[in-house]
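In what follows, every chain begins at residue 1, and chains take the letters A, B, ... in the order their sequences are listed.
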2 protein chains.
Amino acid sequence: MTLQHADTSNDESKTRLRLWLRLLKLSSGIEGEIRRKLRDEHDSTLPRFDVMAALMRHPEGLKMSDLSGYLKVSNGNVTGIVDRLTEDGLAVRVAVPGDRRASLARMTPKGIQTFEDLAAHHEDWVNGLLDGLSNHECHTLIDLLEKAMLNKDNSDEHG
Amino acid sequence: MTLQHADTSNDESKTRLRLWLRLLKLSSGIEGEIRRKLRDEHDSTLPRFDVMAALMRHPEGLKMSDLSGYLKVSNGNVTGIVDRLTEDGLAVRVAVPGDRRASLARMTPKGIQTFEDLAAHHEDWVNGLLDGLSNHECHTLIDLLEKAMLNKDNSDEHG
DNA sequence: GCCTAAAGCTTCAAGCTTGAAATAAAGAGG
DNA sequence: CCTCTTTATTTCAAGCTTGAAGCTTTAGGC
């Protein structure tokens, strides 16, 4: 909880703050646009998309708790999202043979079809939103972003 | 609404998608940490912080509609946030002399004091979260992020 | 078998977010 | 003055998000 830095690092602190504001602005801009398109053009949402994307990587189904672990959201959160996906016939809960507490969330054929359509558009949207960058610049950016992330616990295989 | 790209640009499309996933991961990681600290250490939230930051730049007060314009959130949204800031004595609504429809949101002395404490911590948090990057890397990143943003309507003076 | 602890999931209150609908005041044109 | 449109704001329903509290089931110790 130390609030003061040496004078020599004050400029660097301001630079990092400025970097964070740029990062946030670009990221929320893209995210907002994706949310808007999902809503207006596909009557869906980003949380639904994220859950479906996770389920697509596990055709056999995922336990609710694993799902919330992968997406780094709360347990109660995925309950609601899977509830709504289920209402729309895009996912189902199936019982786990040996454990009556748990259930697996799994995509339905309709859900798979819906997601594949969404995913194709999603890639296109991202591509369009980032087309101001050359391929080389993209790679530079990726490297720097990954370096910035090294600080944190980075032990996930789901990105 | 064209979904197919030439084969030659397919790799670049995947690179941009990968870039977006990295961007999102870093950004939500930092944002999540800031939200958590605001909540756990200061009993506050990021939307409150954002509203206060905007009001701090306008000591005379801001119309609700201007506030929502600056923050790029809906009108109804700021109504609720300013309501809660007001309940906590951090902001007030003051009447606009010539227009009985409008009102200005303005920081209270208590709000100013609260925000200054928050802002100092905020800069420290960001600095700590991004300390894996050299000053030079930060500048490179800032430049690339700004270039990526050039696409979009960039006519704001409030960042 | 019984008791306790842990695991898996849901429910809940509070807050954030949106777009649409409602309310109210200002302004323009007659 | 009256009406119509525009502007400023609030209210609302629906959804997302969290942490905490609760429920059921499982597993371990006795």
Which pair of heavy atoms, one from B:L133 and one from A:L144, lies closest together, and at what distance? CD2-O, 3.8 Å
Report the residues that fulfil ring-ring contact (aromatic ring centres under 6.0 Å, His included) with B:F115, sequence neighbours left out, ordered by chain and then residue number. B:F49
Could you work out, with side chain to side chain contact (heavy atoms under 4.5 Å, CB included) as the rule, every residue matching B:L17, not counting sequence neighbours? A:H122, A:E123, A:V126
Provide the full list of salt bridge (charged side-chain N to carboxylate O under 4.0 Å, His left out) pairs with a residue in residues 95-105 of chain B, sequence neighbours left out, each pair given once. B:D99-B:R101
B:L104, B:V73: one ILVMFWY side-chain cluster at the under-4.5 Å cut-off? no
Does D:dC16 have OP1 or OP2 sitting under 4.0 Å from an N or O in the side chain of A:T45? yes
Using the test side chain to side chain donor-acceptor pair (under 3.5 Å), find all partners of A:N75 that sit at least two apart in sequence or belong to another chain. A:S68
Test item: B:T108 side-chain N/O and B:L90 main-chain N/O as donor-acceptor pair under 3.5 Å: yes
Test of understanding: with side chain to side chain donor-acceptor pair (under 3.5 Å), list the residues that count as partners of A:S65, not counting sequence neighbours. none
Encode nucleotides 18-23 of chain C as B, S and - characters from 5' to 3', where the letter depends on protein heavy atoms closer than 4.0 Å: B to the base, S only to sugar-phosphate, - to neither. BS----
Could you state the CE-P distance from B:M64 to C:dA24, rounded to the nearest angstrom? 17 Å
Contacting residues from residues 79-96 of chain B, given that a heavy atom lies under 4.0 angstrom of DNA chain C: B:I81, B:R84
Taking side chain to side chain donor-acceptor pair (under 3.5 Å) as the test, write out the residues that go with A:E116, two or more places apart. none
Got a sec, which residues hit side chain to side chain contact (heavy atoms under 4.5 Å, CB included) with B:Q113, two or more places apart in sequence or on another chain? none
Residue pairs passing the salt bridge (charged side-chain N to carboxylate O under 4.0 Å, His left out) test where at least one lies in residues 81-98 of chain A, sequence neighbours excluded: A:R48-A:D88, A:D83-A:R93
Would you sketch DNA chain D in dot-bracket for me? Only Watson-Crick or G-U wobble pairs with both distances under 3.5 Å count, crossing pairs as [ ], other-strand pairs as |, the rest as dots. ||||||||||||||||||||||||||||||
For B:F49 and C:dG15, what is the distance between atoms CZ and C1' respectively, to the nearest whole Å? 18 Å
Polar pairs (N or O, both sides) under 3.5 Å between protein and nucleotides 26-28 of chain C?
residue: C:dA26; atom: OP1; partner: B:R100; partner atom: N; Å: 2.9

Please give me the minimum heavy-atom distance between B:A54 and B:L67, naming the atom from each residue. CB-CD1, 3.7 Å
Nearest-angstrom distance from the residue atom CG of A:D43 to C1' of D:dG15: 12 Å
How close do A:R106 and A:E60 get, counting heavy atoms only, and between which atoms? NH2-O, 3.0 Å
Do any side-chain nitrogens or oxygens of A:K63 fall under 4.0 Å of OP1 or OP2 in C:dC9? no
Nearest-angstrom distance from the residue atom CG of A:L62 to C1' of C:dG8: 14 Å
